[in-house]
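A short worksheet on the structure shown next.
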Protein chains: 2
Amino acid sequence: MVDKPLKMKKSERTRAAIEAAARRLFAEHGYERTGIRDIAAAAAIDPAMVIRYFGSKDRLFAEVADFDLGLPDVASIDPAHVGRTLVAHFLALWEGDSANGGLPVLLRSAASNEFAATRIQQLFAAQVLPVLLSLGPSATASQRAGLVASQILGLALTRYVLALPPVVALDRETILAEVGATVQRYATGG
Amino acid sequence: MVDKPLKMKKSERTRAAIEAAARRLFAEHGYERTGIRDIAAAAAIDPAMVIRYFGSKDRLFAEVADFDLGLPDVASIDPAHVGRTLVAHFLALWEGDSANGGLPVLLRSAASNEFAATRIQQLFAAQVLPVLLSLGPSATASQRAGLVASQILGLALTRYVLALPPVVALDRETILAEVGATVQRYATGG
DNA sequence: GAGAAAAGTCAACAAATGTTGACAAAAGGA
DNA sequence: TCCTTTTGTCAACATTTGTTGACTTTTCTC
């Protein structure tokens, strides 16, 4: 058969459907509250297929949780606006409708799922810390990274996971200004 | 029988044992991952007793989650150090070994448990917001409360729930100074 | 000590969980 | 068309879950 443009092989399509459904449900309800049958139903396939394609619930979760923060290159960041830049980037990471959305998945489950917690820790250690290394004395980089994490994950938690009304109500510009200033101070050790 | 000093009625004692075990396990593993049989084992009693004393797992959780932040009186806070004061208070709330410890329970489960999330929201609305009302224009109180919540819960999340190493490594004085300054700025609208 | 009330034990239930294997349908290549 | 591989369906499994009811043991009062 001549190649159907834009249509992948059927197996790829169901695999993608499962992954998309899993991402959405894991992000919405967390690891424990999301059953394989729920995922299968959302993807309109048989529960057994989920296992067939991903081996186990754990491995499916791991696959969905395996993603990249995609932080801008260290060199391309204006040190005077790291705070705002970082916050903007994380906001996009949460609100971006399309591709990844792995961060919501992770944070929703991290509180009661050791794997997810470890994964978050790795992400910050491998991707955020390097950025901070170039912004101040390396001796304090770890401390600065900790403070930055506490504020950024706190914002994500209260706004997207817990959905505390006062935090949800914050408009983008206020967040960029206020939280950005905090992150700026933490990041540069000011 | 003459009253045994410091010993309560037997039923009260087992009830307290269940509650203590539940508090510890809920705080450690979250709502979903803590089974009634786990709680019973930790309290060295029969699983049926848990139901007998508390009716259901939900009600037990609700009981354990029903507590008070115990914030200092608004009037007694020095407005120039609200940030530090608030942070110190929340630190004590987490690290206090004895009585309550309900906050760890709540935060550990809030990400995937609607009841816990709602409860946190209520706590902040009913107990933190009033404090902020006296520290700036009432029109911005909600916004200031949101920012304060994002930082304080973020600290709690990363330090006590996720246990991110760089945040765990922070010493008390650094937290009081750095995070205190942020909360101060958020709270007063500076 | 007899009898009542409280506290505790035990086995079982129905439902939901992740996972598996046997089988049927469809697709693709020869 | 025949045959092989892929893809999907179905029923069942073992385990764990919260919860219940019948029963025995303890505790306390008279």
Side-chain angles (χ1 to χ4, degrees), chain A residues 1-23 25-26 28-65 105 109 112-116, chain B residues 1-23 25-26 28-65 105 109 112-116:
Chain A
M1 179 199 294
V2 190
D3 58 341
K4 287 201 255 178
L6 284 177
K7 283 290 173 202
M8 20 185 170
K9 223 166 65 182
K10 185 134 188 253
S11 71
E12 301 277 332
R13 233 185 311 145
T14 37
R15 191 186 168 90
I18 295 172
E19 211 169 313
R23 217 184 296 272
L25 292 178
F26 279 145
E28 201 165 332
H29 305 115
Y31 179 84
E32 328 279 349
R33 291 183 105 93
T34 302
I36 285 207
R37 287 168 175 82
D38 302 326
I39 297 174
I45 49 112
D46 191 278
M49 292 278 90
V50 178
I51 302 292
R52 238 249 248 285
Y53 278 81
F54 293 89
S56 73
K57 185 185 174 184
D58 292 295
R59 279 210 282 278
L60 171 57
F61 185 81
E63 196 115 347
V64 164
V105 170
S109 299
S112 57
N113 186 299
E114 202 154 337
F115 173 80
Chain B
M1 179 201 295
V2 191
D3 57 341
K4 286 201 251 175
L6 284 176
K7 284 290 175 202
M8 20 186 168
K9 223 164 67 180
K10 184 129 188 254
S11 72
E12 301 277 330
R13 233 187 311 146
T14 36
R15 192 187 168 90
I18 295 173
E19 211 169 312
R23 217 183 296 271
L25 292 178
F26 279 144
E28 200 166 333
H29 305 114
Y31 180 86
E32 329 278 348
R33 291 183 105 94
T34 302
I36 285 208
R37 286 169 175 80
D38 303 326
I39 298 174
I45 48 112
D46 191 277
M49 292 278 89
V50 178
I51 301 293
R52 227 229 245 303
Y53 278 82
F54 293 90
S56 74
K57 186 185 173 185
D58 292 295
R59 279 210 282 279
L60 171 57
F61 185 81
E63 196 114 348
V64 164
V105 169
S109 300
S112 58
N113 186 298
E114 202 154 337
F115 173 80

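None of the values given here were measured: they were computed from a predicted structure. Order of the sequence lines fixes the chain letters, A, B, ..., with proteins taken first and strands second; residue numbering starts at 1 for each chain.
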Rounded off to whole Å, could you give me the [atom1]-to-[atom2] distance for the [X] and [N] pair?
| X | N | atom1 | atom2 | answer |
| --- | --- | --- | --- | --- |
| Phe26(A) | dG18(C) | CZ | C1' | 12 Å |
| Met49(B) | dT20(D) | CE | P | 13 Å |
| Asp46(A) | dA22(C) | CG | C1' | 13 Å |
| Arg52(B) | dC23(D) | CZ | P | 15 Å |
| Ile18(A) | dT7(D) | CD1 | P | 12 Å |

With a 3.5 Å distance limit and no angle check, can you tell me whether Ser109(A) reaches the backbone of Ala116(A) through a side-chain donor-acceptor pair? no
Side-chain (Thr34(A)) to main-chain (Leu25(A)) donor-acceptor, under 3.5 angstrom: yes
All heavy atoms of Phe115(B) vs all of Ala65(B), minimum pair found to be CE2-CB, 4.3 Å
TODO: Quick one: closest heavy-atom pair of Lys57(B) and Tyr31(B), and the distance?
DONE: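 What the structure gives for the nearest pair is NZ-O, 2.9 Å.
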For nucleotides 16-19 of chain D, tabulate all protein N/O to nucleotide N/O atom pairs closer than 3.5 Å, reporting atom names and distance.
{"unit_1": "dG18(D)", "atom_1": "OP1", "unit_2": "Lys57(B)", "atom_2": "NZ", "d": "2.9"}
{"unit_1": "dG18(D)", "atom_1": "OP2", "unit_2": "Ile36(B)", "atom_2": "N", "d": "3.1"}
{"unit_1": "dG18(D)", "atom_1": "N7", "unit_2": "Arg37(B)", "atom_2": "NH1", "d": "2.8"}
{"unit_1": "dG18(D)", "atom_1": "O6", "unit_2": "Arg37(B)", "atom_2": "NH2", "d": "2.9"}
{"unit_1": "dT19(D)", "atom_1": "OP2", "unit_2": "Lys57(B)", "atom_2": "N", "d": "2.8"}

Do the side chains of Glu63(B) and Arg15(B) get close enough for a salt bridge, i.e. N-O under 4.0 angstrom?
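Counted as a salt bridge, because a side-chain N and a carboxylate O are separated by less than 4.0 Å.
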Worksheet item: Looking for any heavy atom pair under 4.0 Å, which part of the strands does Tyr53(A) touch: base, sugar-phosphate only, or nothing?
Response: sugar-phosphate
The correct list of stems in which DNA chain D takes part (3 or more consecutive Watson-Crick or G-U pairs, distances under 3.5 Å) is C:1-13 with D:18-30, C:15-29 with D:2-16
Below 4.5 Å, heavy atoms only, C-beta onward: do Ile36(A) and Leu60(A) meet side chain to side chain?
no
Would you say Thr14(B) places a side-chain N or O within less than 4.0 Å of OP1 or OP2 belonging to dA7(C)?
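No, Thr14(B) has no side-chain N/O under 4.0 Å of OP1/OP2 on dA7(C).
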To the nearest 0.5 Å, atom OH of Tyr53(A) lies from atom OG1 of Thr14(A) at 3.0 Å
With sequence neighbours left out, the residues meeting salt bridge (Lys or Arg N to Asp or Glu O under 4.0 Å) with Glu28(B) are Arg24(B)
